[in-house]
Number of protein chains: 2
Amino acid sequence: MEAERQNQAVIAYGLLKRDITSGQFRPGDKLLMSHLKERYQIGAGPMREALSQLVAERMVTAASQRGFRVAKMSLQELNDIYDARAHLEAMIVRLAVERGDEHWEAEVIGKAHTLASVAALHSTDEMMNLWDKRHKEFHTAIARGCGSSKLLELRATLMDQAERYRQLWLRQTVFSTEALVNKRREHAAIVEALLERDAQRAGTLMLDHLLTPVPIITAIVREAKLAEE
Amino acid sequence: MEAERQNQAVIAYGLLKRDITSGQFRPGDKLLMSHLKERYQIGAGPMREALSQLVAERMVTAASQRGFRVAKMSLQELNDIYDARAHLEAMIVRLAVERGDEHWEAEVIGKAHTLASVAALHSTDEMMNLWDKRHKEFHTAIARGCGSSKLLELRATLMDQAERYRQLWLRQTVFSTEALVNKRREHAAIVEALLERDAQRAGTLMLDHLLTPVPIITAIVREAKLAEE
DNA sequence: TTTTTTAAAAATATCTACATTTTGTAATTT
DNA sequence: AAATTACAAAATGTAGATATTTTTAAAAAA
């Protein structure tokens, strides 16, 4: 089995998306066609295709005849994204509790265990990436219980949009033992509620869990003047 | 103030989206580049841009080196979209009841009135379009109370994806006096719950309201063999 | 002198026409 | 029938032409 040959636009899409989320391009930056062509070794046509897709995902903005820019960040958007994500995820969790089967339970417990056992053995960045990866997998395992691909797609859209903000929170959290302990406690409480099939409580816990990063990110954004108020 | 000059890709995006939703192109149809170029009088580059955006919106599918197709329809997808939409909208309504102000209440009551007063005075198609337009405006007015642009965006995404299925239901409903009376009753019940600020009841009513079309559409789809099972 | 206006030049975005690569098809061979 | 090959159709990519916006600088007005 071999990976399907991708066209230029798809390759550029992936690279540019990565470069935006990782902060190589900063919010509001002009995305100069000549620069992008050079950077990704690609023609203007396919490059525009990639940009169009990112426009549809709200990661890039376009102005007719005036080219493309990295979408700005703002405290208002931060709050909106996290609020929407928290309520969406709470709703998904309630559904998952109602609909999830035994296999789902097993997956969740498995991912929770894998996440809890990330120890500070590795290099700083490795540790951060590993925790982040497993944390995402844990939450995704829970969400999958809702059984709706459309809801999972919407969730993925919001997570993509949140990613630039989330990156700011991640470093702080992983490097604070206290924060990690808190997170572990919250996760345990959520799993407990899931297993007891208490949809209401699981939803509420999830809502709070997802909103805790907001004040922290707000502070960092203000500090670094990364975004409009 | 004059409408900004749009580029070719944006124009083609709008036309193609309309042609897909209205059924000019049918699910699974190959979107032949030569045909699209001819039809919309446009080059291949901008056409691909438009297609890329529709791929991001799940209305078109792409296979590398094999071109583009209209996304298929299926009973499974119908159920998934409507289930997701109903739960999302119910959640949004609960938020709207908690967060909506007086201006929101006034808007909702206004739109409800405008919708209820659509009479069978006009020609068949005019009547259908008018009812549809006002029905959408009524629901959108309710949803806006949640105050979250991101949630409203997600809602719009799902509505776009539902549109092809919805079209099938619309004709049936508007031309059945009984169905229209039922809808009016449901709308009234929802508005009542909103005004009493009963979030839970409003949510439940909305959930049921949005799921009623599913059996009807299922029957039509089966009848017309429009989709996979 | 400072500000505003205008005109030209440069930079940039966008589009088209053509070249290249890949895929699908049907005839031919095994 | 299955595999191979040759050809036609289609998708994708590139380079350069065209149109638009932005910048620059000079001229005119305040």
Side-chain angles (χ1 to χ4, degrees), chain A residues 1-20 24-72 228, chain B residues 1-20 24-72 228:
Chain A
M1 182 67 90
E2 124 171 56
E4 187 162 338
R5 205 183 153 290
Q6 305 275 37
N7 62 28
Q8 307 271 65
V10 175
I11 296 169
Y13 164 84
L15 294 174
L16 178 54
K17 187 169 179 171
R18 191 202 54 189
D19 287 346
I20 290 174
Q24 304 290 114
F25 290 108
R26 310 195 60 203
D29 275 3
K30 187 83 205 295
L31 292 166
L32 208 57
M33 191 53 77
S34 51
H35 178 219
L36 297 174
K37 281 167 62 176
E38 163 82 11
R39 181 177 181 113
Y40 302 120
Q41 289 297 299
I42 204 188
M47 196 63 239
R48 290 181 62 85
E49 274 183 60
L51 287 161
S52 296
Q53 296 218 137
L54 290 168
V55 168
E57 296 176 22
R58 304 287 190 278
M59 206 162 284
V60 166
T61 58
S64 186
Q65 316 290 36
R66 235 162 288 178
F68 300 87
R69 292 180 168 277
V70 177
K72 292 200 174 153
E228 268 110 89
Chain B
M1 184 63 93
E2 117 171 66
E4 186 160 340
R5 205 184 155 290
Q6 304 276 35
N7 63 28
Q8 306 275 62
V10 174
I11 295 168
Y13 164 84
L15 294 174
L16 179 53
K17 187 167 179 174
R18 191 201 54 190
D19 287 346
I20 290 175
Q24 304 290 114
F25 290 107
R26 310 195 60 203
D29 275 3
K30 187 78 203 293
L31 292 167
L32 208 57
M33 193 52 78
S34 51
H35 179 219
L36 297 175
K37 281 167 61 178
E38 165 81 11
R39 183 178 179 112
Y40 302 121
Q41 289 297 300
I42 206 188
M47 196 64 240
R48 290 182 61 85
E49 270 183 64
L51 287 160
S52 296
Q53 295 218 134
L54 289 167
V55 167
E57 295 175 24
R58 303 287 190 276
M59 206 162 283
V60 166
T61 58
S64 186
Q65 315 292 63
R66 231 161 293 178
F68 299 87
R69 291 181 169 277
V70 177
K72 290 197 175 156
E228 269 110 87

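Everything numeric in this text was worked out from a predicted model, so none of it was measured. Every chain is numbered from 1, with letters handed out A, B, ... down the list of sequences.
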Measure the distance from [atom1] on [X] to [atom2] on [N] and round it to the nearest whole Å.
{"X": "A:R48", "N": "D:dG13", "atom1": "CZ", "atom2": "P", "answer": "15 Å"}
{"X": "B:I42", "N": "D:dT18", "atom1": "CD1", "atom2": "C1'", "answer": "16 Å"}
{"X": "B:E49", "N": "D:dT12", "atom1": "CD", "atom2": "P", "answer": "14 Å"}
{"X": "B:M47", "N": "D:dA11", "atom1": "CE", "atom2": "P", "answer": "11 Å"}
{"X": "A:N7", "N": "D:dA10", "atom1": "CG", "atom2": "C1'", "answer": "14 Å"}
{"X": "B:Q6", "N": "D:dT20", "atom1": "CD", "atom2": "C1'", "answer": "15 Å"}
{"X": "A:H35", "N": "C:dT12", "atom1": "NE2", "atom2": "P", "answer": "12 Å"}

When rounded to the nearest 0.5 angstrom, what is the spacing between [atom1] in [X] and [atom2] in [Y]?
{"X": "B:L15", "Y": "B:I20", "atom1": "CG", "atom2": "CD1", "answer": "11.5 Å"}
{"X": "A:L32", "Y": "A:R69", "atom1": "CG", "atom2": "CZ", "answer": "10.0 Å"}
{"X": "A:Q6", "Y": "A:I11", "atom1": "CD", "atom2": "CD1", "answer": "6.5 Å"}

Exercise for the section: With DNA chain D as reference, determine whether B:G67 or A:Q41 sits nearer its 5' end, using the nearest nucleotide of each. Expected result: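 Whichever sits nearer the 5' end wins; that is B:G67.
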Practice task
Give the intermediate values and the outcome of side-chain contact (heavy atoms from CB on, under 4.5 Å) for residues B:F25 and B:L36.
Solution key: CA-CA 11 Å; B:F25 290 107; B:L36 297 175; 4.0 Å; yes
Taking the side chain as everything from C-beta on, heavy atoms only, tell me whether [X] gets closer than 4.5 Å to [Y].
{"X": "A:L16", "Y": "A:M47", "answer": "yes"}
{"X": "B:R48", "Y": "B:M33", "answer": "yes"}
{"X": "B:Y13", "Y": "B:E49", "answer": "no"}

Problem - nucleotides 17-24 of chain C: protein proximity per nucleotide (B base, S sugar-phosphate only, - neither; heavy atom, under 4.0 Å) - result: -----SSS
Practice task
Output the residues of residues 24-34 of chain B in contact with DNA chain C, where contact means a heavy atom of the residue under 4.0 Å from an atom of the strand; sort by number or write none.
Solution key: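 Contacts with DNA chain C under 4.0 Å: none.
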Exercise for the section: For A:E57 and A:L54, run side-chain contact (heavy atoms from CB on, under 4.5 Å): C-alpha distance rounded to whole Å, both residues' side-chain angles, the deciding distance at 0.1 Å, then the answer. Expected result: CA-CA 5 Å; A:E57 296 176 22; A:L54 290 168; 4.1 Å; yes
Practice task
Scan residues 30-42 of chain A for pairs that pass side chain to side chain donor-acceptor pair (under 3.5 Å), counting only residues two or more places apart or in two chains.
Solution key: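 Residue pairs with at least one partner in residues 30-42 of chain A: A:D19-A:R39, A:D19-A:Y40.
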